Amino acid sequence: GFNDGIVDDLFFEAMLKTDNVNRPAYARLFNRTDALEVFGSTINTAALIPTRVRSGTLALAGAKEYEVEFGGQSGGTHPLYAADVVVVNP
């Protein structure tokens with residue numbers, strides 16, 4: 001965990017859907033402090049029902065402010081139902 005000397009694995013996870021399989025929904029984690037997309041955080045789905053999608057392992061830096069950005073291609077509706085950073089202790 002955070003205080004046991006073991007490095008945790010961090011992932012970005014979101015519940016997304018689209019109403020058009022040809023227009024996938026996407027979400028990503030954005031570092032507001034440095035005005036940069038978090039590398040490797042972009043996830044997407046062409047699912048027509050709410051679907052949980054998880055990124056690969058992320059490297060997040062100390063005291064930064066992050067936000068979720070989401071959407072999709074025009075011609076589709078892309079709601080975001082939930083999003084979080086998931087911590088997995090190996």
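Owing to the predicted nature of the structure, the values given are computational and were not obtained by experimental measurement.
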Problem set entry | Derivation of the side chain to side chain contact (heavy atoms under 4.5 Å, CB included) call for V88 and F11 | CA-CA 8 Å; V88 177; F11 303 90; 3.7 Å; yes
For this session: Sequence neighbours left out, what pairs pass salt bridge (Lys or Arg N to Asp or Glu O under 4.0 Å) with at least one residue falling in residues 64-75?
Result: R28-E69, R32-E65, R32-E67, D34-K64
Exercise. To which residues is M15 joined in a hydrophobic cluster, defined by side-chain heavy-atom contacts under 4.5 Å among Ile, Leu, Val, Met, Phe, Trp and Tyr, whether direct or through other members?
Worked result: Y81
Problem set entry | Residues clustered with Y26, ILVMFWY side-chain links under 4.5 angstrom | none
For this session: With sequence neighbours excluded, give me every side-chain hydrogen bond (donor to acceptor under 3.5 Å, both in side chains) pair touching residues 12-21.
Result: E13-R54, D19-T77
Seminar exercise, completed: With sequence neighbours left out, the residues meeting salt bridge (Lys or Arg N to Asp or Glu O under 4.0 Å) with D84 are none
Exercise. With the 4.5 Å side-chain cut-off for hydrophobic clustering, are F12 and V87 part of the same group?
Worked result: yes
Exercise. Sub-3.5 Å donor-acceptor pair from the side chain of T33 to the main-chain atoms of N31, do we have one?
Worked result: no
Problem set entry | Greater than 12 external heavy atoms within 6.0 Å of L36's CG | yes
Sequence neighbours excluded and cut-off under 3.5 Å, please list the side-chain donor-acceptor pairs for residues 38-48, or say none.
residue	atom	partner	partner atom	Å
S41	OG	L29	N	3.0
S41	OG	L29	O	3.3
S41	OG	V38	O	2.8
T42	OG1	E37	OE2	2.5
T45	OG1	A47	N	3.0

Exercise. L80 versus V68: any side-chain heavy-atom pair under 4.5 Å?
Worked result: yes
Problem set entry | L10 side, atom CG; L58 side, atom CG - distance, nearest 0.5 Å | 6.5 Å
